[in-house]
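Numbering of ligands and ligand atoms starts at 1, following listing order.
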Amino acid sequence: MLKSVLARRPRSPRRTPRTARGLLVGLTALGLGGVLALPTTPARANARTARHYTAHVVKKGESLSRIARTYGCSIKTIQETNGLSGEKIRRGEALAIPPCGPGGTLETPTPRASKSGAAPLRHRVRKGENLSRIARTYGCSVADLRAKNGIEGSVIMPGQELLIPRSSAVKAPEILGQSVGAPQRGRLVNASRLRSGKGYLLRRPERTYGTSQLVHYVREVVGSTRKQHPAAHRLAIGDLSSRRGGPLSGHRSHQSGRDIDIGLFYTKRPSGYPSEFKPGTASNLDMAATWTLIKEFAATAKHDGGVEVIFLDYELQRALYKWARKQGVPRTTLRKILQYPAGRWADAGVVQHYPNHADHLHVRFKCPKGDKGCS
Ligand SMILES: [Zn+2]
């Protein structure tokens with residue numbers, strides 16, 4: 001079955017091996033500039049930029065190597081994708097699995113580029129999966145899945161490999177049903193976890209759970225900001241949600257895995273930071289790095305499951321606005337991002353004033369489309 005599916009795979013002579021440059025061109029053509037268009041190593045670029053991932057919820061007794069084998073990924077790829085430093089994984093945890101090589105035995109070192117510049121996507125059917133569930137996972141229709149794979153009816157077999165139709169929509173590795181209810185009254189199911197990583201400190205590791213979309217975007221945005229400001233100090237990451245969500249001391253929201261508190265960048269790292277948040281002012285902030293961080297988060301607002309709102313004190317918005325104007329950032333750009341100067345209660349911009357948010361950003365992510373339990 002696997003063979004027959006692969007044999008039907010269309011092969012165009014115009015296909016060329018993917019290079020980082022080709023990837024960039026393809027991404028730009030798809031309108032995926034900015035945050036996502038900076039591949040580092042080829043392996044990492046591949047994992048980061050292939051838009052369709054599989055969510056795997058770790059079952060009892062499963063090891064990382066077994067999961068890697070199941071999906072034909074290397075352990076390293078899965079570690080990098082999920083920010084894991086070792087092989088320790090936890091039952092019930094959701095891992096994002098990038099599309100890896102066919103056959104389950106090797107990583108494809110040279111993915112082929114299609115005309116649109118991206119590799120064809122495949123999904124290996126697991127036990128209990130049906131077409132509509134797979135369609136939901138990848139954000140395509142059942143009809144498209146059938147057409148792409150020459151399937152009539154609904155019968156698919158575990159182990160069978162399906163080609164996934166490409167949609168033009170930008171997608172985070174998407175898991176639906178994690179965020180239940182609202183940020184002020186909700187919970188978290190099959191939580192994804194923001195792992196410790198380079199350039200940031202998790203202040204309270206027991207509060208680093210969220211939706212897969214949140215974890216994905218935070219890693220992308222922080223990584224991209226660091227690349228643009230390599231000399232910046234370590235960034236403080238405050239609370240997300242607890243593993244099962246629900247009320248979290250010190251917060252009214254942060255209950256459903258869609259909120260995260262993130263520190264600011266300073267020209268000189270204040271003592272105590274990043275273990276604690278420190279008040280930002282017009283004179284102590286590293287405006288360039290802080291602005292990049294905000295701008296990159298705001299840029300995800302147009303994507304499914306991207307940023308809904310960023311809370312930040314109005315006076316700090318004023319300072320950032322003035323700095324950005326001096327740098328020549330156009331007012332039209334600033335208007336889309338900052339609430340300043342429309343007034344601290346105005347419905348304008350992605351960044352909104354909120355009292356007591358002068359020492360961190362509070363970033364809230366939208367419910368993913370089609371996630372009915374999330375509100
Ligand atoms: Zn908060």
Confirm or rule out an N/O/S atom of [X], from backbone or side chain, lying less than 2.8 Å from the Zn ion (ligand 1).
X: H254; answer: yes
X: H362; answer: yes
X: D261; answer: yes

(message) When you compare the side chain of Y200 with that of R234, does any pair of heavy atoms fall below 4.5 Å?
(response)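 Side chain of R234 against side chain of Y200, heavy atoms only: no contact under 4.5 Å found.
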(request) Let me see the working for S192 and Q178 under side chain to side chain donor-acceptor pair (under 3.5 Å), right down to the final yes or no. (result) CA-CA 8 Å; S192 298; Q178 290 181 300; 3.1 Å; yes
(message) Distance check, rounded to the nearest 0.5 Å: E129 atom CD versus L131 atom CG?
(response)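 Here the interatomic distance stands at 10.0 Å.
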(request) Check whether more than 12 heavy atoms from other residues, nucleotides or ligands sit under 6.0 Å from atom CZ of R204, and answer yes or no. (result)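 Enclosed: over 12 neighbouring heavy atoms sit under 6.0 Å from CZ of R204.
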